[in-house]
Every structure is written in structure tokens, then in C-alpha cells.
Protein chains: 2
Amino acid sequence: LSGVTAEVRRRRRGRPAGVSVTREKILTNARELFARNGIDKTSIRAVAAAADVDPALVHHYYGTKEQLFAAAIDLPIDPEEVLAPLWETPAEQLGDALVRLVLPLWDSPVGSGFIATIRSLMGDSAVNLPRSYLQEVITVRIASRVDNPPGSGKIRAQYVASQLIGVVMARYILALDPFKSLSVDQIAETIGPTLQCYLTGPPPGLPSR
Amino acid sequence: LSGVTAEVRRRRRGRPAGVSVTREKILTNARELFARNGIDKTSIRAVAAAADVDPALVHHYYGTKEQLFAAAIDLPIDPEEVLAPLWETPAEQLGDALVRLVLPLWDSPVGSGFIATIRSLMGDSAVNLPRSYLQEVITVRIASRVDNPPGSGKIRAQYVASQLIGVVMARYILALDPFKSLSVDQIAETIGPTLQCYLTGPPPGLPSR
């Protein structure tokens, strides 16, 4: 991630104080339009019109629409740059590559800050109570059914939790299109085998403690 | 879920107005203790002491500690009752059974109310902006790499998103123990093949539209 950090530093240094009002106005309007209409239906031209500036100025300050989006949501990394290695990864290795790309982002200082923000927005109880129930009741009950080899049951159950939480987020909270329109049968057909593999398939690695 | 709804109705009817202050005091103290110490380290006895009532009264009003927990977080279903079918499902069929148990809960009126609450807590932008990026940028780019058969790429990419979002939630936001202590290598080894299967494995069912 050192490339990312350097890029952030470069941009901060390169921002003259005089234009900051215009830049802020562009970002505010971009954020509003992106939130209301999505990325696809928001054009650089529309953002420029809303901010009452020339489209060329928006391009000049922020680059592509995706880069403007990243700036508008105050993402201190350039997603294009971060995701670039993926476009050279063969399709047969994308699964592994995605995990190894995404998790370190959350382990970085930027990621940690973002996590702290999410957790404070959610409030302690909203995090602690479901965690407690998942960890101390559901995990324990499921773990005892699939604890083979002994000691693997909890991690097996928590991999299952990870996939189920993600499906609930994608289907109900983010309501990703077209994902949200899948039937329960279709989802069961695709992720049922995943969960089964976590529960009774090859033993997962365990934390070294 | 009609059994669950009936159970809720039965309980509401059965609550005499005179004891509601005591009951509320028990719930408030339970909620605080559960949030602070987790379910394991909170006893019915400790809740009773904090609420200044007899432990037998807590049992009488709320049943088991898990049922008290459900009442404290205002869960209008009894998790014991909902999860009961799982304990009779053979371990080899738990994967499929879990999907078919969990998703309909979120499709129910209770689930929809809960989703509305989460979405309003998060705010429109916090939902719309990441959705827009996932849906219109990441999904589209990944989809074009794995669109086989044609038309399946977006759903393949969104299944991947579902597993990755869930891992991030489990590892960083909920910080499930012991899950949070796994290394990136260990997680990649276990969920890499899952993601790969979603990307280039058997074609998933597509929404019928």
C-alpha cells in the first residue's frame, strides 16, 4: 500500500489553497448526484453544471468519473490504482487474488480508520450484541456439530456466518441489482455447497494461538 | 413464520400492565450487561442483582438467558424456536438448511422492519454510494472477465462480493473471535476456492426477468 500512501501525499501537497472553494463545491455536488442517481447516471458534465463550473475543470481536478467518485466519498485511495493488478490476473486465479487484494486494504491505516468510523456510526450495542449472540450461542451450537478435527468447529461455523452475513448485506441492505432478485432456491443452490464445504469439507487453517 | 408471530402475539396479550415497570427495569439492565460483558459472562443472577429483583422473577418473565437476550434486544422472535429445526438436520445437509432458514427470516415482516432500521441508521449515502460503486464499477469490470455463459457475469461477481463483504464484516466490524485472528493466507486458502467457484464454476441461477 506504500504506492497508495505516496499518491495521497502527492495529491495533498499538490492542492493550492486558492482553488479549494471551487473544488469543495464540485465534490459536494458530485456526492449529492452520485448518492441520488448512481455512478452510471451521473456524468462529469452534470456535476459541472450543478457546481456551475466548466466540465474541463472537473476533469482537470479529479480525472475520470470513478476518480471523482472516490474523491466525493472521501476515499483516500484511488480504486483504479488499487484494483489494477486484477486486470492482469488470469480469470482462473481471480478468486485467490481478490482475497489477497481486499483484506490488506482493511488492514491498512486507511482501512482501520474506515472501520472505526463504521463502528462508531453503528454504536457499540449494535456491534456487541449481534457479535455476542453469533459468537457465544450460534457459533457454539453449530461448532459442536461439525467439530472435526476437534478444535475446528468454531472457525467452520464462523466461515458460514461470514457467507450468510454477506448474502444478507448484498440482498437486503445494499440490495445489489441483479443479486436482490435471485430466489431463495437459487441462492441455496449456489451457496449451500459453499456452506457445506466450510462445515464438513477440508479442515480450515486455525489461528495460531 | 406463523408460529413465531403467534408466539409474539401470545406474549403481548399475556403481559399485565402492572408489572411493566419491573419488566422494563430488568430489560434495561440486561441490555447494558449483555452489551458490556457478552452473553457468556452475563448471568440471570447478575441481571437480577442489577435490576434489584429476585432471579426467579427474571426466569419467570423471560425464561432462559438466551430468551432474555432476545427480549433485551427487542427481537420479536424466539431464536431458540426459529433455530430448532437445525438441531435435527444431519450435519451433511446443514449448508442448504441454513440458507433456507436464514433468508426467509429477512423476507418476513419482522425482517423487513429490521432492514428498514439498519438502512435508516446507516443513512442513504452510506448505502447508495458503496452500492453504486459495487454495482456499476466493480461488478461490471469483473463480470466482463467471467461472463460465461453470457449474462452470468454480473451474478457471478455479486456472489463474490457477498462472500467478501461477509468476511470483512466478520473480521473487521463484528470482529468475531476466533475468526478475526486468522491470517490473510488462511482466509485466502479457505475462501479463495469459493470465490473461484462463483467466478468460473457451474453457472449460477439467474433472476427470471
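These numbers were taken from a predicted model, which means no experiment stands behind them. Chain identifiers are assigned alphabetically (A, B, ...) following the order of the sequence lines, protein sequences preceding nucleic acid strands; residue numbering begins at 1 within each chain.
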_NZ (A:K154) with more than 12 external heavy atoms under 6.0 Å_ = no
_Interchain contact, B:Y133 with chain A, by part (heavy-atom threshold 4.5 Å)_ = both
*asked:* Counting heavy-atom pairs under 4.5 Å with chain B, which one of A:Q163, A:R131, A:Q186 comes out on top?
replied: A:Q163
*Test side chain to side chain contact (heavy atoms under 4.5 Å, CB included) on A:R100 and B:D185 and set out the steps.*
CA-CA 8 Å; A:R100 293 179 191 278; B:D185 275 348; 2.5 Å; yes
*asked:* For A:L103 versus B:Y172, what's the shortest heavy-atom pair and its separation?
replied: O-OH, 3.2 Å
*chain A: which of B:P193, B:A72, B:G166, B:A157 shares the most heavy-atom pairs with it under 4.5 Å?*
B:G166
*asked:* Counting only heavy atoms not in A:E136 (residues, nucleotides, ligands), do more than 12 fall under 6.0 Å from its CD?
replied: yes
*A:T190 versus B:P204, closest heavy-atom pair with distance*: OG1-CB, 3.8 Å
*Any chance NZ of A:K25 has more than 12 other-residue heavy atoms, nucleotides or ligands included, within less than 6.0 Å?*
yes
*For B:P178 against A:I155, the heavy-atom pair lying closest together*: CG-CD1, 3.8 Å
*Side chain to side chain, B:T139 and A:L176, heavy atoms closer than 4.5 Å*: no
_Minimum heavy-atom distance A:L94-B:Q196, with the two atoms named_ = N-OE1, 3.3 Å
*Using a cut-off of under 4.5 Å for heavy-atom pairs, which of B:R171, B:Q158, B:E32 has the most such pairs with chain A?*
B:Q158
*asked:* Quick check on A:R45: does its CZ atom have over 12 non-hydrogen neighbours (other residues, nucleotides or ligands) under 6.0 Å away?
replied: no
*So which heavy atom on B:R141 is nearest to which on A:W87, and how close?*
CB-CH2, 3.4 Å
*Please determine, among A:D96, A:V146, A:V160, A:I165, the option with the most heavy-atom pairs under 4.5 Å with chain B.*
A:D96
_Please classify the contact of A:S144 with chain B as side chain, backbone, both or neither, using a heavy-atom distance under 4.5 Å._
neither
_A:V102, part contacting chain B, at a heavy-atom distance under 4.5 Å_ = side chain
*Specify which of A:V168, A:V167, A:T42 makes the most heavy-atom pairs with chain B at under 4.5 Å.*
A:V168
*In terms of heavy-atom proximity below 4.5 Å to chain A, should B:A97 be classed as side chain, backbone, both, or neither?*
neither
*Taking side chain as C-beta onward, heavy atoms only, is B:L98 less than 4.5 Å from A:L199?*
yes
*Between chain A and each of B:S112, B:C197, B:G38, B:P202, count heavy-atom pairs under 4.5 Å; write down the option with the most.*
B:G38
*Check whether A:L164 gets within reach of chain B through its side chain, its backbone, both or neither, counting any heavy atom under 4.5 Å.*
side chain
*Among side-chain atoms of A:T194 and B:Y159, is any donor-acceptor pair under 3.5 angstrom?*
no
*Determine the minimum heavy-atom distance between B:D177 and A:Q135, stating which atoms define it.*
N-OE1, 2.8 Å
*Between B:R31, B:Q93, B:R36, the one whose heavy-atom pairs under 4.5 Å with chain A are most numerous*: B:Q93
*Heavy-atom distances under 4.5 Å only: say whether A:P90 touches chain B with side chain, backbone, both or neither.*
backbone
*Picking from B:I187, B:V137, B:L83, which has the most non-hydrogen pairs under 4.5 angstrom with chain A?*
B:I187
*Atom pair OG/CG of A:S162 and B:L182 - distance to nearest 0.5 Å*: 10.0 Å
*Option that, when pairs with chain A are counted at under 4.5 Å, heavy atom only, ranks first among B:I115, B:L195, B:I142, B:L129*: B:L129
*Count the heavy-atom pairs under 4.5 Å between each of A:N128, A:V184, A:I173, A:I191 and chain B, then report the option with the highest count.*
A:I173
_I need the B:N37 CG to A:S132 OG distance, nearest 0.5 Å._
9.5 Å
_B:E92 and A:T200: side chain donor to acceptor below 3.5 Å_ = no
*Pick one of side chain, backbone, both or neither for B:F34, based on which atoms fall under 4.5 Å of a heavy atom in chain A.*
both
*Heavy-atom proximity to chain A below 4.5 Å, by part of B:L86*: both
